[in-house]
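Computed from heavy atoms alone, side chains included, the values below leave out hydrogens, waters and symmetry copies. A, B, ... follow the sequence lines: proteins, then strands. Residue 1 opens every chain.
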Protein chains: 2
Amino acid sequence: MALKYSRQREAIKEFLSTRKDHPTADMVYTQVRKEFPNISLGTVYRNLTLLAETGEISRINVGDGIDHFDPDTSEHYHFQCKKCGCVQDLKLEHTGKTNELAAMQFDGEIMGSVTYFYGLCGKCKEARNS
Amino acid sequence: MALKYSRQREAIKEFLSTRKDHPTADMVYTQVRKEFPNISLGTVYRNLTLLAETGEISRINVGDGIDHFDPDTSEHYHFQCKKCGCVQDLKLEHTGKTNELAAMQFDGEIMGSVTYFYGLCGKCKEARNS
DNA sequence: AATAAAAATAATAATCGTTTTTATTTTTAA
DNA sequence: TTAAAAATAAAAACGATTATTATTTTTATT
């Protein structure tokens, strides 16, 4: 094993485990800096990548060009609000059948797929109708 | 109408219409520059955005952090090879049912969704098995 | 406990895709 | 033909992320 303990990595993982809002690297940085004022943004990025590689967290893409991170590594869908940018989990069972479907008529090898949803979150929808 | 004709925009659209490989802005720039040696990268970006907004082309995200562009604006799925990065169309009918499904148990408004596939393309799969 | 190699860090610069700015040139309607 | 509106080229700026480097931590071994 070539992975050594680090207080910073633990703090990052600990912070993330408390969040359901799918923070970006910068949001993690801002928060963890309260406990480690000298932590570097590079350290945050490196550890988030490390944690994602070992499968302890997952990196998610919702099409805004910024990586978000999720302590819940089970397969599930995400939604991003086009107005406020918030990212939420969707209560929709992940089918997984899509991979097999796509394998038809394809000469390569499908390893996986990504699906995300977008629209207006509850709050922004409410705000618009008032 | 606030959209004026431009030779550059026509050249960009014309070039894109000949391609099935989903070029990036930079690929468009490199090619169109053969006809317009002084065209600026900013002009390419602005016109691709303009064409995507008017629905003449579509902007696609395959999770590599780079926007690709497609002259085919019909809804269909894309695949990207993790090895060589090529982007291909998938012959898989777009269901569209997913939006409705997601609307269940959600207090906001789902406007749409994006799905893309990844893995090894035919060539890279072949190369690996030899 | 002392040591030394391996890994992690902070600080910073660099990179990459993309957007913005600005002064100039094209387009187009009058 | 003229003048306003939009488009352009060139360049700087931007934001997210990665790479570099010298220093500090961790950890296995004396």
Side-chain angles (χ1 to χ4, degrees), chain A residues 1-16 21-54 56-70 80 85-87 116, chain B residues 1-16 21-54 56-70 80 85-87 116:
Chain A
M1 167 163 329
L3 203 60
K4 286 185 179 169
Y5 171 87
S6 104
R7 299 151 181 272
Q8 289 88 338
R9 189 186 305 132
E10 284 309 303
I12 288 167
K13 194 178 160 188
E14 164 60 23
F15 163 69
L16 201 60
D21 61 344
H22 314 82
T24 61
D26 204 67
M27 290 157 86
V28 173
Y29 174 57
T30 301
Q31 285 301 316
V32 174
R33 200 150 51 146
K34 291 176 181 169
E35 190 185 349
F36 291 83
N38 312 355
I39 196 173
S40 153
L41 187 53
T43 297
V44 172
Y45 271 100
R46 186 167 27 74
N47 281 301
L48 285 171
T49 296
L50 228 37
L51 291 167
E53 280 171 352
T54 60
E56 295 174 80
I57 65 174
S58 71
R59 182 192 299 265
I60 69 184
N61 163 23
V62 286
D64 62 357
I66 311 175
D67 283 347
H68 294 252
F69 296 88
D70 193 342
Q80 185 175 44
C86 74
V87 177
Y116 57 82
Chain B
M1 165 164 330
L3 204 60
K4 285 184 179 172
Y5 171 86
S6 105
R7 297 152 181 274
Q8 289 88 337
R9 188 185 307 130
E10 284 309 304
I12 288 167
K13 194 178 159 188
E14 165 60 23
F15 163 69
L16 202 59
D21 61 345
H22 315 81
T24 62
D26 205 66
M27 290 157 87
V28 172
Y29 174 58
T30 302
Q31 284 302 315
V32 174
R33 202 151 50 146
K34 291 178 180 167
E35 190 184 349
F36 290 84
N38 312 354
I39 197 172
S40 152
L41 187 53
T43 297
V44 172
Y45 272 101
R46 186 167 27 74
N47 281 302
L48 286 171
T49 296
L50 228 37
L51 291 167
E53 280 171 354
T54 61
E56 295 174 79
I57 65 175
S58 70
R59 181 192 302 265
I60 68 183
N61 164 23
V62 286
D64 62 358
I66 311 174
D67 283 348
H68 293 252
F69 296 89
D70 192 341
Q80 185 174 44
C86 74
V87 177
Y116 57 82

Inset, instruction - Let me know the distance between CD of Glu53(B) and P of dT19(C), rounded to the nearest Å. - result: 10 Å
Inset, instruction - Mind checking Arg9(B) for me? I need base, sugar-phosphate or nothing, with any heavy atom below 4.0 Å counting as a touch. - result: sugar-phosphate
Legend entry - Duplex segments of DNA chain D, taken as runs of at least three Watson-Crick or G-U pairs that stay under 3.5 Å: C:1-30 with D:1-30
Inset, instruction - At under 4.0 Å between heavy atoms, which parts of nucleotides 17-30 of chain D does protein reach? Answer with one letter per nucleotide, 5' to 3': B base, S sugar-phosphate only, - none. - result: BB-------BS---
Inset, instruction - Answer yes or no: is there a donor N or O on one side and an acceptor on the other, between the side chain of His68(B) and the main chain of His22(B), under 3.5 Å? - result: yes
Legend entry - Side-chain donor-acceptor pair present, Gln80(B), Asp64(B), cut-off under 3.5 Å: yes
Inset, instruction - Among the candidates dA10(C), dT8(D), dA8(C), find the nucleotide nearest to the side-chain atoms of Asn47(B). - result: dT8(D)
Inset, instruction - Could you tell me whether a side-chain N or O of Arg59(B) sits under 3.5 Å from a main-chain N or O of Glu53(B), the two making a donor and an acceptor? - result: no
Inset, instruction - Report the distance from atom CD of Glu35(A) to atom P of dA10(C), rounded to the nearest whole Å. - result: 12 Å
Legend entry - Spacing of Ile60(B) atom CD1 relative to dG17(C) atom C1', expressed in whole Å: 16 Å
Legend entry - Atom-to-atom span, OH of Tyr29(B) to P of dA11(D) - whole angstrom: 11 Å
Inset, instruction - To the nearest 0.5 Å, tell me how far Ile39(A) CD1 sits from Gln31(A) CD. - result: 12.0 Å
Legend entry - Whole angstrom value for the distance that separates C1' of dT8(D) from CD1 of Ile12(B): 11 Å
Inset, instruction - For residues Leu48(A) and Ile57(A), report the shortest heavy-atom separation together with the two atoms involved. - result: O-CD1, 3.6 Å
Inset, instruction - Mark yes or no for whether Arg9(B), through its side chain, and Lys4(B), through its backbone, hold a donor-acceptor pair below 3.5 Å. - result: yes
Legend entry - Phe36(A) versus Ala11(A), closest heavy-atom pair with distance: CE1-CB, 3.5 Å
Legend entry - Whole angstrom value for the distance that separates P of dA11(D) from CZ of Arg46(B): 16 Å
Inset, instruction - Might you point out which heavy atoms bring Val44(A) and Ile12(A) nearest each other, and give the distance in Å? - result: CA-CD1, 3.9 Å
Inset, instruction - Let me know the distance between CG of Asn61(B) and P of dA16(D), rounded to the nearest Å. - result: 16 Å
Inset, instruction - Return the minimal non-hydrogen interatomic distance between Val62(A) and Val87(A), and the atom names on each side. - result: CG2-CG2, 4.0 Å
